[in-house]
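Here's the structure, in structure tokens; my notes come after.
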Number of protein chains: 2
Amino acid sequence: MEVRSQKMVIQLYDTTLRDGTQREGISLSVNDKLKIVRKLDELGVHYVEGGWPGSNPKDAEFFARVKGIQLEQAVITAFGSTRRADVLVQDDPNIRALLEAETRAVAIFGKSWDLHVIQVLGTTLEENLEMIADSVSYLKGRGREVIYDAEHFFDGYKADPAYALRTLQMAERAGAECLVLCDTNGGTLPSQLVAIIEEMKKVTSTPLGIHAHNDGDLAVANSLAAVQAGVVHVQGTINGYGERCGNANLCSIIPNLKLKLGHDCISDEQLRQLSSVSRYVSELANLAHDAHLPYVGHSAFVHKGGMHVNALVKCEESYQHVDPALVGNHKRVVVSELSGKSNIAYKIEEFGLDLSISPEQARQVLQQIKDLENRGFQFEGAEASLELLIRRTQPGYKPPFELIDFHVLVESRQGRGMLAEVAIKVRVGDEVTHTAAEGNGPVNALDLAVRKALLPFYPQLTEIHLTDYKVRILDSEAGTAAQVRVLIDSTWGSRTWSTVGSSTDIIEASWQALADSLEYGLLNGLGV
Amino acid sequence: MEVRSQKMVIQLYDTTLRDGTQREGISLSVNDKLKIVRKLDELGVHYVEGGWPGSNPKDAEFFARVKGIQLEQAVITAFGSTRRADVLVQDDPNIRALLEAETRAVAIFGKSWDLHVIQVLGTTLEENLEMIADSVSYLKGRGREVIYDAEHFFDGYKADPAYALRTLQMAERAGAECLVLCDTNGGTLPSQLVAIIEEMKKVTSTPLGIHAHNDGDLAVANSLAAVQAGVVHVQGTINGYGERCGNANLCSIIPNLKLKLGHDCISDEQLRQLSSVSRYVSELANLAHDAHLPYVGHSAFVHKGGMHVNALVKCEESYQHVDPALVGNHKRVVVSELSGKSNIAYKIEEFGLDLSISPEQARQVLQQIKDLENRGFQFEGAEASLELLIRRTQPGYKPPFELIDFHVLVESRQGRGMLAEVAIKVRVGDEVTHTAAEGNGPVNALDLAVRKALLPFYPQLTEIHLTDYKVRILDSEAGTAAQVRVLIDSTWGSRTWSTVGSSTDIIEASWQALADSLEYGLLNGLGV
């Protein structure tokens with residue numbers, strides 16, 4: 001059963017930064033957007049749609065700043081609509097903003113569906129055709145590569161095929177480089193979509209693109225079916241982020257194109273970055289990474305049932321459709337009883353700790369991990385805390401400092417804003433220091449106070465920085481009395497480490513993670 | 001572009017209770033399973049696979065208890081494998097457990113892929129054929145309706161078409177009522193799948209079924225393509241729960257079958273239960289309901305961009321592929337920095353607020369939303385805070401209480417554990433109350449203190465509960481000085497509402513969300 005299609009080069013067009021941000025709950029800062037641009041360029045995406053400069057000032061700022069970034073291959077693209085009805089194209093503020101973005105390529109969308117032209121735009125079918133022609137040729141005349149997005153193309157075609165086709169032809173004659181057929185409402189079935197694309201191929205020679213939404217749970221299937229029907233340009237977003245049920249997920253489309261259909265789009269090396277890019281974007285978008293995402297999810301290659309695990313040991317491909325390493329993922333086995341002791345020995349070696357541990361001690365460490373995980377700690381993402389836990393079980397372990405006590409005061413007094421103040425007492429060797437600091441909130445005040453107390457003993461702490469502070473509510477149904485987990489990332493130069501704390505009191509959980517971060521840095525001679 | 005397929009009756013086979021529970025993180029009690037059976041029966045599903053009685057005692061208990069439940073139409077089905085190699089079928093414990101489940105129908109899976117037969121089972125290709133024949137005919141002989149699941153059928157066919165076909169023929173000749181082709185590893189493309197089904201139709205007259213997994217993000221597409229190719233029995237799970245990337249999602253398949261392909265499977269009335277069944281199952285499985293699920297997700301018909309909202313007001317179908325009421329869902333409009341004035345007017349009507357707002361006031365509200373979102377607030381998930389924001393712009397608005405000031409003390413004293421204490425001063429009308437409380441962490445103490453202060457004036461507050469408290473760090477690179485967003489969900493009876501706060505100080509952000517929660521409850525007469 002060979003798939004009957006020739007090997008083609010497919011253009012990948014990412015719209016995470018524009019259509020992706022239409023997802024409920026996403027908001028990306030300009031800095032986040034610029035970071036994502038760099039990642040997408042590394043991944044090998046051909047076009048990155050940066051935003052709609054005519055619609056909001058944040059997107060205009062993005063285009064001003066993105067010019068300063070050196071990219072390998074990604075073409076930054078500005079998005080906008082065709083000119084308004086009854087306005088000269090050169091006077092249309094949206095078209096002007098598109099030009100001012102100064103990108104090599106622009107994508108403009110126009111209406112294909114008579115219902116939208118008449119009822120939504122409130123203009124005539126003829127004027128809409130002029131709007132498309134004017135806008136494409138004006139932008140072409142100013143040296144832009146023009147990608148024409150035919151909004152609602154499939155719905156428009158179902159309603160009035162002749163008119164939908166005329167809108168495409170206007171864009172084609174005006175010089176559009178690519179005609180992107182959009183399933184804007186996401187309800188088209190692959191069989192309908194392919195039939196319409198086949199019709200289009202008879203009447204246009206311009207390269208065709210596909211822009212699919214997932215309202216029928218078919219966005220990836222529609223994108224692949226379009227490629228199998230001859231489309232050469234695929235739009236989508238990382239993790240399928242997008243309005244309503246999302247856009248077509250590039251993290252599924254790319255491996256399907258490369259591994260299943262044999263089409264060229266990104267290199268094998270770039271494909272191995274896919275899982276990491278997927279997690280990176282979810283991190284910046286501040287969304288939990290969906291463990292069940294095809295190819296890139298944490299659970300995509302997990303094996304739970306004993307029978308499957310048993311089969312996998314005999315033969316890797318028995319329950320895996322591809323080798324997870326190809327997309328930078330890995331298989332996991334969830335076993336009820338971990339061979340835990342060898343696990344601890346493995347970790348000691350991995351940490352490079354110069355200590356030997358007896359089987360009995362290993363059992364105790366495991367028990368302690370279990371108890372702490374029951375109380376909300378998690379050591380998977382906090383290996384520095386795990387190293388400290390192991391070290392502390394060793395006889396004669398001496399910590400570089402000890403907390404005696406602290407108090408935190410947060411005040412809101414009429415007209416004075418918030419005040420956060422911490423007093424702290426710590427012991428280093430035989431000396432006790434008692435000091436205080438104010439901060440930007442109680443956790444920041446605690447951070448500043450403990451550093452102030454330790455600095456005379458450990459000046460290297462000025463070189464150690466906290467780079468990430470995450471809070472997760474574990475049993476959120478317990479309301480304000482919920483258990484809280486705090487994860488802190490720290491750095492010194494290129495070295496980074498992560499620590500964890502957990503308590504019903506966020507101040508206490510933060511203290512635990514913070515103290516572990518500093519203790520780990522000091523023990524490992526960092527900062528000097 | 002009519003879809004070229006005749007109207008057919010499609011059998012729906014739900015395996016949420018068996019394959020669905022293979023998802024990492026799901027575990028259903030027997031009581032939960034029995035509740036889900038009732039719901040699936042009401043929904044009109046034809047077969048409900050209850051579990052694998054030979055594999056664990058919990059599933060055996062389920063089958064004992066499910067006999068006592070009166071069902072409208074769903075056929076409870078027990079699942080198991082063909083007999084083991086070199087064992088008489090009547091002596092096979094798995095086959096005996098299947099019979100002891102005393103269900104009208106049984107589903108048994110057998111191997112189609114030579115690699116599995118030889119490497120995993122460690123038996124011969126001939127013996128595997130005997131195992132299939134023996135098991136099907138033995139169960140048929142005991143009066144069972146036998147559904148034969150051809151595990152890895154598509155992978156097996158790709159490896160050795162003749163052998164895969166022989167396994168199916170053994171099941172057919174032994175009397176299986178339905179031959180279910182399984183894409184067990186989930187990596188088959190619709191085009192491959194359809195080509196293989198077309199081959200099968202030439203050589204068998206027994207009804208065919210499809211069982212798809214989502215490893216290629218194509219499970220729903222594969223299920224629909226199979227139906228379009230003539231398959232009449234579709235297996236899947238509610239919300240697509242299942243191992244790795246999940247099973248085919250019945251909540252997408254059912255409306256696609258009915259609304260897009262016009263096939264009969266459940267009634268229109270039952271289809272209107274779909275969103276509620278989807279939420280019900282996620283609730284019992286103790287998983288957050290995925291808001292972006294097609295058809296049934298909370299965000300499936302949400303509209304964020306100002307242009308889309310503007311169009312929707314003019315014409316409902318402009319940005320919706322189906323009427324959400326058909327699947328028991330509804331459209332929502334959210335307000336964000338991407339919104340326009342029409343969103344605000346829409347919201348005022350949706351909230352049922354008895355106030356008129358001028359275009360200038362709407363502009364001011366939008367500006368305020370934008371400013372607050374810049375400072376980390378987000379109103380999409382906190383509509384009660386949005387309502388308060390709109391109300392507060394009205395001249396003469398009087399809040400039910402006002403904060404004068406508070407202070408929070410968190411202490412860690414040697415050997416005494418943590419202490420969190422709050423003192424608070426609030427004004428209600430002309431009266432000022434000054435009180436204090438201790439709590440389980442500072443936010444809990446604040447919650448208890450403000451309630452203590454307000455209770456004499458508003459005894460109904462004892463009826464208002466916080467059910468969820470979420471914290472999100474927004475710019476986590478700022479370390480402990482990061483901006484924090486707090487979201488609080490509150491309930492009174494079946495009514496729930498959400499509020500938001502944002503600050504670099506988690507105490508202040510929590511206070512804002514908490515105060516909004518109580519103010520909203522009091523203004524809307526809740527708790528009495």
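Below, read A as the first sequence line, B as the second, and so on, with proteins coming before strands; counting in each chain starts at 1.
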Practice item. Pick one of side chain, backbone, both or neither for B/N214, based on which atoms fall under 4.5 Å of a heavy atom in chain A. Key: both
**Study point:** Polar side chain donor-acceptor pair, B/H292 to A/R23, under 3.5 angstrom
**Key:** yes
Practice item. Let me know if A/H465 has heavy atoms under 4.5 Å from chain B in its side chain, its backbone, both or neither. Key: neither
**Study point:** Shortest non-hydrogen contact from B/Y319 toward A/H116
**Key:** CE1-CE1, 3.5 Å
Practice item. Check each atom of A/E402 against the heavy atoms of chain B and say whether the ones under 4.5 Å are side chain, backbone, both or neither. Key: neither
Practice item. With a 4.5 angstrom heavy-atom cut-off, could you sort out which part of A/N249 is near chain B: side chain, backbone, both or neither? Key: side chain
**Study point:** Side-chain donor-acceptor contact under 3.5 Å, A/Q228 with B/S191
**Key:** yes
Check your understanding: If you count heavy-atom pairs under 4.5 Å between each of B/T188, B/V443, B/D215 and chain A, which one has the most?
Key -> B/D215
Review point. A/F406 and B/M418: which non-hydrogen atoms are nearest, and at how many Å?
Key: CZ-CE, 4.0 Å
Check your understanding: For A/L409, is it the side chain, the backbone, both, or neither that has a heavy atom closer than 4.5 Å to a heavy atom of chain B?
Key -> both
Check your understanding: Measuring heavy-atom distances to chain B, does A/W511 have an atom under 4.5 Å in its side chain, in its backbone, in both, or in neither?
Key -> neither
Point to revise | Minimum-distance pair of heavy atoms, taken over all atoms of A/N185 and B/S318 | key: ND2-O, 3.2 Å
Revision key, fill the gap. Turns out that what part of A/A300 lies under 4.5 Å from chain B's heavy atoms comes down to both
Review point. Side chain, backbone, both or neither: which part of B/Q378 has a heavy atom under 4.5 Å from chain A?
Key: side chain
Check your understanding: What's the spacing between B/D183 CG and A/H321 NE2 if we round to 0.5 Å?
Key -> 9.5 Å
Check your understanding: Given that the side chain runs from C-beta out, which part of B/N256 has a heavy atom under 4.5 Å from chain A: side chain, backbone, both or neither?
Key -> side chain
**Study point:** Pick from A/V120, A/L293, A/D217 with the largest number of heavy-atom pairs that fall under 4.5 Å of chain B
**Key:** A/D217
Review point. Given that the side chain runs from C-beta out, which part of A/T184 has a heavy atom under 4.5 Å from chain B: side chain, backbone, both or neither?
Key: side chain
Point to revise | Interface moiety of B/H213 toward chain A, non-hydrogen atoms closer than 4.5 Å | key: neither
Point to revise | Contact class of A/L446 relative to chain B, heavy atoms under 4.5 angstrom | key: neither
Practice item. Can you see which heavy atom on B/Y295 is nearest to which on A/C245, and at what distance? Key: N-SG, 4.4 Å
Check your understanding: Going by atom types only, do A/T504 and B/N440 share a side-chain donor-acceptor pair under 3.5 Å?
Key -> yes
Review point. Considering only heavy atoms, which portion of A/L224 lies under 4.5 Å from any heavy atom of chain B: side chain, backbone, both, or neither?
Key: side chain
Revision key, fill the gap. Applying a strict 4.5 Å limit to non-hydrogen atoms, the region of B/I424 in contact with chain A is neither
Review point. Of the non-hydrogen atoms in A/E243 and B/H303, which two are nearest, and what is the gap between them?
Key: OE2-CA, 3.9 Å
Study note, to complete from the structure: Most heavy-atom pairs under 4.5 Å with chain B, out of A/S299, A/S412, A/G441, belong to A/S412
**Study point:** Option in B/P255, B/P294, B/A420, B/G187 with maximal non-hydrogen atom pairs under 4.5 Å from chain A
**Key:** B/P294
Practice item. Grab the two heavy atoms, one from A/P442 and one from B/D505, that are nearest each other, plus how far apart they are. Key: CD-OD1, 3.2 Å
Check your understanding: Do B/Q320 and A/R244 touch side chain to side chain, with heavy atoms closer than 4.5 Å?
Key -> no
Practice item. Report the option among B/I506, B/V302, B/D155 that has the most heavy-atom pairs separated by less than 4.5 Å from atoms of chain A. Key: B/V302
